[in-house]
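These numbers were taken from a predicted model, which means no experiment stands behind them. Hydrogens, waters and symmetry mates play no part in the numbers below; they use all other heavy atoms, side chains included. Lettering follows sequence order; numbering is per chain, from 1.
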Amino acid sequence: MSSETTTKIPEAATVPPPGAATPKRRVPQGHQRLLTRRDRLTLGLMAGLPTILHIALVWVTALASIALAFTTWDGIGFDSIQWVGLQNFKELFEQNPQFWPAVQHNVIWFAVLIVIPTPLGLFLAVQLDKKIRFSRVYQTAFFLPVVMSMAVIGFVWQLIYNPDTGLINSLIGANEPGKYIDWIGDPDLNLWAILIAASWRHAGYMMILYLAGLKGVDPSLREASALDGASEWQTFKNVIFPTLRPTNTVVLVVTIIEALRAFDLVYVFNGGAEGTELLSILVTSNIIGESSRIGYGSAIAVVLLLISLVVIVPYLVATFRKERRA
Amino acid sequence: MSTLALKKPKTPIRPARILLHLFLAGAALAWLAPLLWAVYAAMRPYAETSEKGYVSWPDTLNFDNFTNAYQQSDMTHYFVNTLVIAVPAVLLTLFLSSMVAFYVSRFDFRLNLALLLVFTAGNLLPQQVIITPLYRLYLLIDLPGITMSGKLYDSALGLVLIHVAFQSGFCAFVLSNYMRTLPHELTEAALVDGASVWRMYWQIVLPLCRPAMAALATLLSIWIYNDFFWALVLISTGENMPITSALNNLTGTYFTDPNLVAAGALLTAIPTLIVYFVLQRQFVSGLTLGANKG
C-alpha cells in the first residue's frame, strides 16, 4: 500500500486533537473551513471514542506497569501500595534464578527464527514466485500452520514429542522406560523442540510476506537482468534481493516482536518449566500463579517493554517519517 | 518480450521445473506431516494404539475420538462462548478503527500522525507488558447486572474490550493507508455539496473500503478466535472460556488419552481452517496490507 499524496497544510491545522472539546476557532484554509460545528463535534467523537478506549486499556496500563514496577502491592486495597524504588529490579536481576535464562531464551528464540525459518520462507517464496503450476496448493500447505492457534500447534507437536507415545521416540525406539528421550521435560532439549514447532509456523508466515514483496518487484528488472546474461542466483542476489528491503524491514520487526511475544506454545507445552523460561511466562505466572506479586511482575513487564521499545521506536520513526514526506 | 514468449512453448518441460515440483511437493508433504500425524492418531482408538504402539498399521480408523471429544467436553458451549466474543469484537474493531482512519486520512490536523503513531505502537507491544495493571483494572471495575461475574473480569465484555482496544491499532494503520489512496476529490465534492462529515464517512468512504475491510475482518476473526492469552488471564471460570483456552483446561480434566487430545485440538482448528479456505484471498491480502507498507 503506498501512501498517496494528501495536501498537508500545517498552518490550517488548528483543530485540537480528539477527545478535546470542539473549538470555536476558525480554520483559515483548506477544506476544514466548510465544516460546521456539528461536523467538528462528530469528528471529535469519531476519533475520540476509539482513542479513549485504546489509550485507557493499552497505554494507561503500560504506564501503570512502569509505575507499579517501583512498588510492592498485594492488590487488595490501594493503601497497601508501597514505594520501594529499584528493589524489584534488584531482586529480579540478582536473585531470581529464572530471569537471566528467560532473557537468554527470548534472545535464542529470535536468533533461531531469523536464521532458520526466515531464510527458508524467503527461499520458498522465490520458488513459488516462478509462476509454476499448483503454486496455490504448495502455498496453502506451507501456510496452514499460520492459520492455527499457537495453542493447537502446541498440542499437535506434543503428539510428536511425547516420550512414550510420541512419533519421534516411537520411530527411533526410545519409547520404553529406560530409553526415554524426554523432549518436553529435559531442560537441554525442550527449548529446541519447541523452537522447531515455532519455526514450522514462522516459515509460512515469512513466506507470505516475501511472496507479497516479490509481487511488487518490477518485472522489467528481471528481464533486463536476464538479457544481461545473469544467472538465477546473480539476479536474485544483485537485483531482486535489494529491492526487497522494505519487506526485510517488516520481516525483521515482525520476527523480533514474535520472539518477545512468544507465550502460548510454551505455556501449553510445559508451562515454562525449567529450560523454557521466557519473560512473557514470568510476567504471567505472577498473575495466574499462586503468589501474585504485582510490583515484581510489573518490573519484569518493564524489562519486556524496554526491549520492545528498542525495536518499535526506530521502526515507527522510519515508517512515519516516510509518511510525513508523502 | 512478446517475441521471446512466442519462441518458447508455454510450459517448457525442463528438468529444472520437474526438480522444482518434486522438491516443492516433498517439502509441502513434510510440512503437513505433523498435522497428518495428528489426524492419523485421532482416528485410531486408544486401546489399539496402547497395544500396538502409535507407529503401526491401523486395524480400525474411525471418527469416534472426534465425536467423543466433542461430546465429553461440551464443545458447543465453548464455540458459542467464542462467537459471543469474536463477532462483536471484530465488528467493533472495524467500526472504531475505520472512524479513526477516516479522521486521520481525510482531515489535515496537526496531531494526525501522532494519533496514528499511538495506535500503531500500541498494537506492537507484547500483551504481557500491559497485562498486570489490566488484570487489576478489570477486577476493580464493577458491572453488577451487566456481566455474569458482576465485574469486567471474567466476562465476555472484558475480552471484547481488550481485543477491540488492542487490534484497532493495526486496523487504524492499515485502513488509514488505504483511505489515503482514495481520491480527495470524492470527499471534497461532497463537502462542497453540504454533506455532513458522518455522511462522507458512512456513504462515501466506507463503501469504497470494502476490500480492505473484508481482508481485515478475515484476519481479525482468525486472530481473535485463536486468542489464548487474554482469555487465560482475564477469564477465571472455565465455563466462560472461549474454545482455544478451554481446550487447555479440558486436556487436563476430561481428556485421558493423546488420541482424544488430538481429536479435540483438531476440532478447535476446524473453524479457522474453513475461514481460511473460503476467504484465502482476503486473508493473505489482509496480512500483506500492513506489511507491504513501510
Select one option (side chain, backbone, both, neither) describing which atoms of [X] are under 4.5 Å from chain A's heavy atoms.
X: B/Ile162; result: both
X: B/Arg281; result: side chain
X: B/Leu161; result: both
X: B/Thr251; result: side chain

Tell me the closest heavy-atom pair linking [X] and [Y], and the distance in Å.
X: B/Leu20; Y: A/Lys130; result: CD2-CD, 3.9 Å
X: A/Phe320; Y: B/Thr120; result: CZ-OG1, 3.7 Å
X: A/Leu159; Y: B/Trp37; result: O-NE1, 3.4 Å
X: B/Ile131; Y: A/Ile287; result: CG2-CD1, 3.3 Å
X: B/Val233; Y: A/Ile288; result: CA-CG2, 4.1 Å

Of the backbone (N, CA, C, O) and the side chain (C-beta and beyond), which part of [X] lies under 4.5 Å from a heavy atom of chain B, both, or neither?
X: A/Phe142; answer: both
X: A/Trp59; answer: side chain
X: A/Thr284; answer: side chain
X: A/Ser170; answer: both
X: A/Leu120; answer: side chain
X: A/Leu171; answer: both
X: A/Phe78; answer: side chain
X: A/Lys131; answer: backbone
X: A/Leu49; answer: neither
X: A/Ile66; answer: neither
X: A/Leu124; answer: side chain

Check your understanding: Taking atom CG of B/Leu96 and atom CE of A/Met46, what is their separation to the nearest 0.5 Å?
Key ->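 Reported value, rounded in 0.5 Å steps: 10.5 Å.
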Check your understanding: Just how far is it from atom CG of A/Leu316 to atom CG of B/Leu113, taken to the nearest 0.5 Å?
Key ->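 Those atoms lie 11.5 Å apart.
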Practice item. Select, from B/Ala165, B/Pro183, B/Ala269, the one with the greatest count of heavy-atom pairs under 4.5 Å involving chain A. Key: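 Most heavy-atom pairs under 4.5 Å with chain A: B/Ala165.
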Exercise for review: May I ask you to check whether B/Phe23 and A/Phe123 place their ring centres under 6.0 Å from each other?
Suggested key: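 When the ring centroids of A/Phe123 and B/Phe23 are compared, they turn out to be within the sub-6.0 Å range.
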Practice item. Tell me whether the centres of the aromatic rings in B/Phe229 and A/Tyr267 are closer together than 6.0 Å. Key: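 No, ring centres 6.0 Å or more apart.
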Exercise for review: Flag the one option from A/Ser65, A/Ala56, A/Ser308 with the top tally of heavy-atom pairs under 4.5 Å to chain B.
Suggested key: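 Option with the greatest count: A/Ser65.
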Practice item. For the pair B/His21 and A/Phe134, name the ring-plane relationship: parallel under 30°, tilted 30 to 60°, perpendicular over 60°. Key: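 Perpendicular.
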Check your understanding: Does A/Arg261 use its side chain to pair, donor to acceptor, with the backbone of B/Leu125 at less than 3.5 Å?
Key ->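 Confirmed, A/Arg261 side chain pairs with B/Leu125 backbone.
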**Study point:** Min side-chain heavy-atom separation A/His54-B/Val118 under 4.5 Å
**Key:**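 Yes - at least one pair of side-chain heavy atoms lies under 4.5 Å apart.
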